[in-house]
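Reviewing the structure listed below.
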Amino acid sequence: MSTHTVTLTVNGQEHTAQVESRLLLTHLIRDVLRLTGTHFGCDTTNCGACTVLLDGAAVKSCTLFAVQANGKSITTVEGMAQNGGLHPLQAAFREHHGLQCGFCTPGMLLSALDFLKKNPDPTEEEIRWGISGNLCRCTGYLSIVKAIKAAAKEMAAGGK
Amino acid sequence: MIPSAFEYYAPGSVAEAIALLKTHGDEAKILSGGHSLIPLMKLRFASPAVIIDINGIPGLDYVKEEGGFLKIGALAREASLESSPVVQQKFPLIADVVKVIADPQVRNRATVAGNLAHGDPANDHPAVMLALGAEVELTGPGGSRTLPVSEFFVDLLETALTPEEVLTEIRVPVPPAGSGGAYYKIERKVGDFATIAVGSQVTLDSGGRVTAAGIGLTNAATTPIKATDAEAYLVGKSLDDATLEEAGRLAMAMSDPSSDSRAPAAYKKAMVKELTIRTLKRAAERARGGQA
Ligand SMILES: Cc1cc2nc3c(=O)[nH]c(=O)nc-3n(C[C@H](O)[C@H](O)[C@H](O)COP(=O)(O)OP(=O)(O)OC[C@H]3O[C@@H](n4cnc5c(N)ncnc54)[C@H](O)[C@@H]3O)c2cc1C
Ligand code: FES
Ligand code: FES
């Protein structure tokens, strides 16, 4: 019982893999499925670089076992772009300098995506609480908050 | 960090989970939110041979008001307290605490039941549930038993759960009219465990006198503390400055924190007193219908 077959949908595509029960979800995504947009930072549930959506909810994939994703649907940063164009959040991060080195960015984007779904018209303060599970050592957060605010407007206007 | 190898089971019902616990005894661990257990396994502070993942059991993720209680099912996540209208309207103490537990991603996974079952005095829900006079339902091979939460915490990381039991429901009595609560937590940064924290709940009569009080202390000893001396002292009194001061002192006297990387014990003790005073004031404001 320590090896399992898991079937999960990642960015709309179904995958099946044989995994050891102790394999972390991050490692399934990065090392088995080779989707390296999901970053692996602290390995201690603090930095948020490994954030993905699990059935729509932002989670830290370093703190779930891959077997727990059996039958579930996952969105990684690779799944954000739509019809070849950047997602409004990605476009806003580019426009407002929401990234420098980019290490925190995939996790930031997915946290912001989950957050804006629950709170489509947030204040700056609410945005800061919304990304409190994601650390950035480059930007000082100002430009990230600005980008999320701009994306919220864009998404409301575009009905996304 | 890679945990030790383990056998993994995903039962489809509570009965199945209990049967697995019965078979594997204390080799086995229940996995709910996994946000205490998985970090411990990665550090190899815990190496259970068998993991029983209860996340696939249907019907356990409720937060509802029923029969005079707020009922929280075993798989209710912290995030579902944030979005629960009952919690936001009738339990300001719970609404306060959930905001300062970890961060949004952790709250999407971590369960309230797991927060209690872990038996960690640094967790925030134990003190809150002590202040609110909650009870827990523990289900084992012979059926269910109900225990006041004040009898649940036995020692550091040790609870009244036997190796064959699952914590299936938390029941919090709905406070009567004229009640309010508040939680204050001193933390080094957002999402950190408490350096020290206090939760208070009071009910006031029309004359402003306390008819019931509950006070819980987080990270103030090897178990979560119910400051019963302060609670008993407050009944029948008005919350003037001298009364608040004495309640703070009594709560402090029941605390026994240890020095650690977060703060020395003397500071923590002083803060138990101060936060008891502040939370009682805020709880009373809310009880009088002030800003929630
Ligand atoms: C980065 C980070 C920050 C955190 N910050 C805070 C914080 O500020 N405040 C706070 O209170 N907590 C904090 N936590 C802890 C978090 O809330 C945990 O998730 C919680 O303590 C445990 O709940 P869980 O559902 O994740 O349980 P698990 O990790 O799945 O289980 C914990 C223990 O309880 C047992 N268990 C779980 N559920 C049951 C059940 N239903 N019946 C019987 N036994 C059970 C398990 O076997 C295990 O021994 C933090 C965690 C992380 C990773
Ligand atoms: S790698 Fe998962 S939170 Fe840092
Ligand atoms: S852009 Fe470098 S960590 Fe955020």
Side-chain angles (χ1 to χ4, degrees), chain A residues 1-6 19-27 40 42-72 107-108 110-119 126-135 141, chain B residues 1-12 20 23-24 28-29 31-56 61 77-80 82-83 98-110 187-193:
Chain A
M1 281 302 274
S2 63
T3 307
H4 300 262
T5 305
V6 296
V19 300
E20 221 190 320
S21 51
R22 61 177 166 174
L23 185 77
L24 299 173
L25 180 57
T26 320
H27 297 311
F40 190 49
C42 65
D43 199 6
T44 57
T45 333
N46 283 288
C47 73
C50 64
T51 302
V52 300
L53 302 187
L54 177 75
D55 286 345
V59 299
K60 294 179 172 177
S61 63
C62 71
T63 315
L64 266 104
F65 294 117
V67 277
Q68 295 186 270
N70 190 30
K72 308 248 182 249
M108 249 342 146
L110 290 158
S111 281
L113 190 59
D114 184 16
F115 168 70
L116 289 181
K117 196 177 56 202
K118 294 178 191 154
N119 190 345
E126 287 164 348
I127 294 173
R128 285 179 178 272
W129 281 102
I131 56 167
S132 59
N134 295 75
L135 301 179
Y141 302 98
Chain B
M1 295 174 288
I2 316 290
S4 303
F6 56 85
E7 280 183 51
Y8 172 88
Y9 297 93
L20 283 162
T23 309
H24 298 283
K29 277 271 179 205
L31 176 73
S32 54
H35 274 54
S36 288
L37 185 55
I38 295 175
L40 286 177
M41 289 171 70
K42 286 167 73 174
L43 294 165
R44 303 219 178 181
F45 290 156
S47 299
V50 175
I51 283 291
I52 302 169
D53 178 359
I54 62 171
N55 285 280
D61 60 352
R77 317 279 167 185
E78 299 290 350
S80 56
E82 291 176 271
S83 59
V98 71
K99 278 189 240 159
V100 295
I101 291 180
D103 60 51
Q105 292 99 308
V106 173
R107 294 198 293 270
N108 275 341
R109 290 301 297 172
E187 53 185 354
R188 296 175 302 185
K189 63 171 187 64
V190 170
D192 193 16
F193 285 95

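Keep in mind it's a predicted model, so treat the numbers as computed, not measured. Labels below follow one simple rule: chain letters A, B, ... track the order of the sequence lines, proteins then strands, and each chain is numbered from 1.
- Tested against Lys42(B), the residues Thr44(A), Thr63(A), Asp43(A) include a single side-chain hydrogen bond (donor to acceptor under 3.5 Å, both in side chains) partner, Asp43(A).
- For Arg44(B), the salt bridge (Lys or Arg N to Asp or Glu O under 4.0 Å) criterion is met by no residue, not counting sequence neighbours.
- Only the backbone of Ser4(B) comes within contact range of chain A, judged by heavy atoms closer than 4.5 Å.
- If you measure heavy-atom distances from Thr51(A) to chain B, the contacts under 4.5 Å come from the side chain alone.
- For Ala5(B) against Arg22(A), the heavy-atom pair with the smallest separation is N-NH1, 3.6 Å.
- Using a 4.5 Å cut-off between heavy atoms, Ser111(A) contacts chain B through its side chain alone, with no backbone atom that close.
- Of the atoms belonging to Leu54(A), it is side-chain heavy atoms, and not backbone ones, that fall under 4.5 Å from chain B.
- Between Phe6(B) and Ser21(A) the shortest heavy-atom distance is O-OG, 2.6 Å.
- By the 4.5 Å heavy-atom criterion applied to side chains, Lys99(B) and Trp129(A) are not counted as neighbours.
- When side chains are defined from C-beta on, Lys189(B) counts as touching Asn46(A), because their heavy atoms get closer than 4.5 Å.
- Looking at every heavy atom in both residues, Ser132(A) comes nearest to Val190(B) through CB-CG1, 3.5 Å.
- Using a 4.5 Å cut-off between heavy atoms, Leu37(B) does not touch chain A at all.
- Checking Asn134(A) against Gln105(B) by side-chain atom types alone, a donor-acceptor pair falls below 3.5 Å.
- Note that the CG atom of Asp103(B) and the OG1 atom of Thr45(A) stand 9.0 Å from one another [nearest 0.5 Å].
- Under the rule for a side-chain hydrogen bond (donor to acceptor under 3.5 Å, both in side chains), the partners of Glu78(B) that lie at least two apart in sequence or sit in another chain are His125(B).
- Heavy atoms of Asn70(A) lying under 4.5 Å from chain B are absent altogether.
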